[in-house]
Every structure is written in structure tokens, then in C-alpha cells.
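Notes to accompany the following structure.
Worth saying up front: this structure is predicted, and the values here are computed from it rather than measured. Remember, it's 1-based here, ligands and their atoms both numbered in the order they're listed.
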Amino acid sequence: MRVKFHGAAGEVTGSLHLVEAGKPGAIKHVLLDCGMSQGSAEMEASNADPFPFDVDSIDALVVSHAHIDHIGRVPLLVKRGFRGAIWAQEATAELMSIMLLDSASLAESDAERFNRRREHGEAEMQPLYTKDDVADAMAQVRTLPYDTREAIFDGIEIAFRDAGHILGSSIVELWADGKKLVFSGDLGPKGTPILRDPTPIREADLVLMESTYGDRNHKDRAETIVELGNILDEAWRDGGNVLIPAFAVGRSQELLYWFAKHWDEWNLSRWQVFLDSPMAGKVVQVYGHHHELFDEEAQAVWRGKPNPFALPNLHITQGAEESMAINQVERGAIIIAGSGMANGGRILHHLKQNLGRREAHLVFVGYQGAGTLGRRLVDGAKWVRVHGRDYRVNLQVHTVGGLSAHADQHGLLEWYGHFEPKPALALVHGEDKAREALAGEIGERDGIEAVLVRPGMTLQV
Ligand code: ZN
């Protein structure tokens, strides 16, 4: 079995790994993930580049979970000729359809906007893919529940195990040529709300492990929750709104979970809670009918009152008009809206209304990338530009650090520690600083020299 690394090797997005295995004369090419690069304009432009392999040679695709940096180029692969099966865990398949349709409509509206304004003689911009391409891709999806071993070709089997990162997120086990490969996908932290802990795996010949937080440990989750409750109290006393930028999958649902769990303690009934994102609303529905994937603690929260996804004061807004109506609320609103880094999306409209208000509070619950509006606010900017206008920052900015959906260095070490004997290890999906720190720890503890893979590198087992 050979694995060739094409993406997310030395960076955190654009997951793309190619496995070659099978009987001599009938070698199969199985792709693990087909993600988009996200970040700078240059990285995003690279998503339209040709794939670094012959698309016709790919026999199957296995996706680990529904984040765009793991599935974002799937419709493009299909548009360029891929006709094989796309294997996904059941909830992943449902979330994938929502995420890819959103990605297609963003691409379509970007292209439309460009074409409307394009100068005479400039070429027309084509969207990376359309909603029709997404429908074509979804028709090739085949679902597989967790913990079910399935032969995808003669001599090649796969199984999904719960990775505890977002709903449906999977660790992929792949058996071929008498060897076993384990691809971690993205691993969740232990004790993440709603979801189970990442499944420990004991046997492998080669492990591909993510290393996003390979160089640091998260703040204690319990402290973070206390902090969140205190901020809500403070905001109520100040008589303002609370704005929480959050991505549609994972964090938005987690926040609602904490609100339900601390309903009485935080006196939540006095607030109005707005989830101002049609996409997050759809994702809530998918979470809502997959209780079988919840951990025991979450099952208990759902058995109690109120249901996190049906809080009596929760408004999930759809159209732009409904979203604009929130502008009338000057106090007592908790508004969760995307994007998570405040570099686009509906949160910008709410910021415009609230940036100048001393009584308003802005709470960041996720990582703020360099160059984003979120980062400028976290860094204490006094003036910021939104939609071409400058706004004075009077509202109070908080960063709440312990709600990551990724395992930290402890978690990664613990997960790899379950393997016995210790298999060969390739670190993917992490910046070099994180990978080097993690490799150092593993070398010291287990005597294993982890490979920091680079695009174009091949490993054989
Ligand atoms: Zn992810």
C-alpha cells in the first residue's frame, strides 16, 4: 500500500491524500478527503487549479467529515470526470449536502457580482462549481454507519469510527495488501459537548494524524463556561446586546447546548436568542435527528427541559428581512451569526449596529485568523472598516478560549498512545511549528520518528 500526499501537508486546510492498493494488475486509487484551501486570496484561487493526479484514475473517494477544508472540492472532482463512489458516514453525508450547496451559492454569487462589474474585454468568470454540480456529486455518495467494515473493492475494506469533532466526523480505517492504514481525519477534544470522545484505535501499520494544535493545550473547558456565564451577566447589567460570531457547524450548536444546560443558572429566559444563519438552522435540524450519535451527557440534557435546539426564546432567522429586523433590538439579544472570523456574513450587519455601543459585548469563541476583522478587533483596534465605512469600536470585546473542536497536544498524544505496537506516523493538517512540537513529544515518549509530510511525498507500508 502506498500513500501519496497532495494537500494539508504543512498547512491546515485542503486535505487530499491518495492511497494506492490492491491486487497486482488491479491496483485501485482511493482518495481520502478532497478539501478546499482556505485563507489568503492566493490559497483560495489555487482551488481552481488542476488536481495533482489524473482524475480518471481515481476509483473511489472516502471523506472523513463535512468541513469545507475536507470536502470543498468534491463537486469539482465530479465536474472534472470522477464517477466512482463517495463514501461518507450517514450524518456526514447530510451535512455535506448543506455545506456544498452553500459553497456553490457563494461561488455562483461571487461570479455573478464579478461579471456584472467586469470591464469591457475582461473574460467572464465561471463559478468553481454550481448547485447542479453538487447534486451530481451527492448522487455518487454511499453512506456507511460507524463501526461497520465494508469491502469497497475486492481486497480493500474500510470502516468509520467516531472522531468526536463534529457530527458524523470519522476516523477512517483502511485494510489492503495485508496492511492497515488509519487516517485520523480531524480529532475532537475529550469531553466536547454533544459528541462522544474520539474512538481509541489499537492497531495500524501506518497512521495519518492531524496536528492542528500539536504545539499547545487548550484552556480548561469548565473555566471557559463560567467565563461565558459571567459575560452574559455583565452584558445584562450593562443593558446591551451580545454578539457571537460563529461558523454554522459545531460551535453554533455547542453554544445552544450550553444555554440549555445553564438555562436557570444564567437566567437565560430573560434574553432573546437569535441564530441568524439559515445554514446553521439546517445543521441544527441534522443534529436534532441524530440523537443516536450523542454522548450520554447530551442525551441527559435533551431529556431535561428545555431542548437546546428548541429553546423557548430561540429565533432561527431565514431571510434577509428577518435578519434586518434584529437591528431594532437594542438590548437583551444574544446574536449568533457567521462568519466565525467576522470577515463576511450577517455578523457584519450586527457589528455595524453595535460597534459604537459601550453597553454591547462581542464574544469570540474560535480562532481568529491573521488579516480578518475578528483578529483586528481581538487585537484592540479602535476603528474598523465594515462594508467600506469606518466605525468607532466602543463595544466590549472578549475572547473565550476553551471551546475548540480539535484535540490539543495532550489529546493527540493520548490518541496515538493507544496504538500498540506503535505504528509509523505521518503528521498532516498542521502548520510546521505545531507538527514539529508534536513530533518532538512523540519521539521522546515512544521513540517513533514522525514524518512531517510535504505535498508530493509518498509513503509505503
Ligand atoms: Zn474539521
Practice task
Find out whether the Lys NZ or Arg CZ of Arg73 is both under 6.0 angstrom from the six-membered ring centre of Phe51 and within 45° of the ring's axis.
Solution key: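 Verdict for Phe51: a cation-pi partner in Arg73.
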Exercise for the section: Return the set of residues passing side chain to side chain donor-acceptor pair (under 3.5 Å) with Lys131 (not counting sequence neighbours), or none when no residue passes. Expected result: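 If we apply the side chain to side chain donor-acceptor pair (under 3.5 Å) test to Lys131, skipping adjacent residues, the hits are Glu108.
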Practice task
List the atom of Ala342, the atom of Gly374, and the distance in Å for their closest heavy-atom pair.
Solution key: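 Closest heavy-atom pair between Ala342 and Gly374: CB-N, 4.0 Å.
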Handout entry: Over all atoms of both residues, closest heavy-atom pair of Ser252 and Ile336
Key =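 Closest heavy-atom pair between Ser252 and Ile336: OG-CG2, 3.9 Å.
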Handout entry: Cut-off under 2.8 Å, centre the Zn ion (ligand 1), protein N/O/S atoms
Key =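 Listed by chain and number, the nearby protein N, O or S atoms are His65 NE2, His67 ND1, His165 NE2, Asp186 OD2.
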Practice task
Decide, yes or no, whether a salt bridge links Asp408 with Arg216 under the criterion of side-chain N to carboxylate O below 4.0 Å.
Solution key: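 Not counted as a salt bridge, because no side-chain N and carboxylate O are separated by less than 4.0 Å.
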Exercise for the section: Taking only Lys NZ, Arg NE, NH1 and NH2, and the carboxylate oxygens of Asp or Glu, determine whether Lys180 and Glu173 approach each other closer than 4.0 Å. Expected result: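 Yes, this pair counts.
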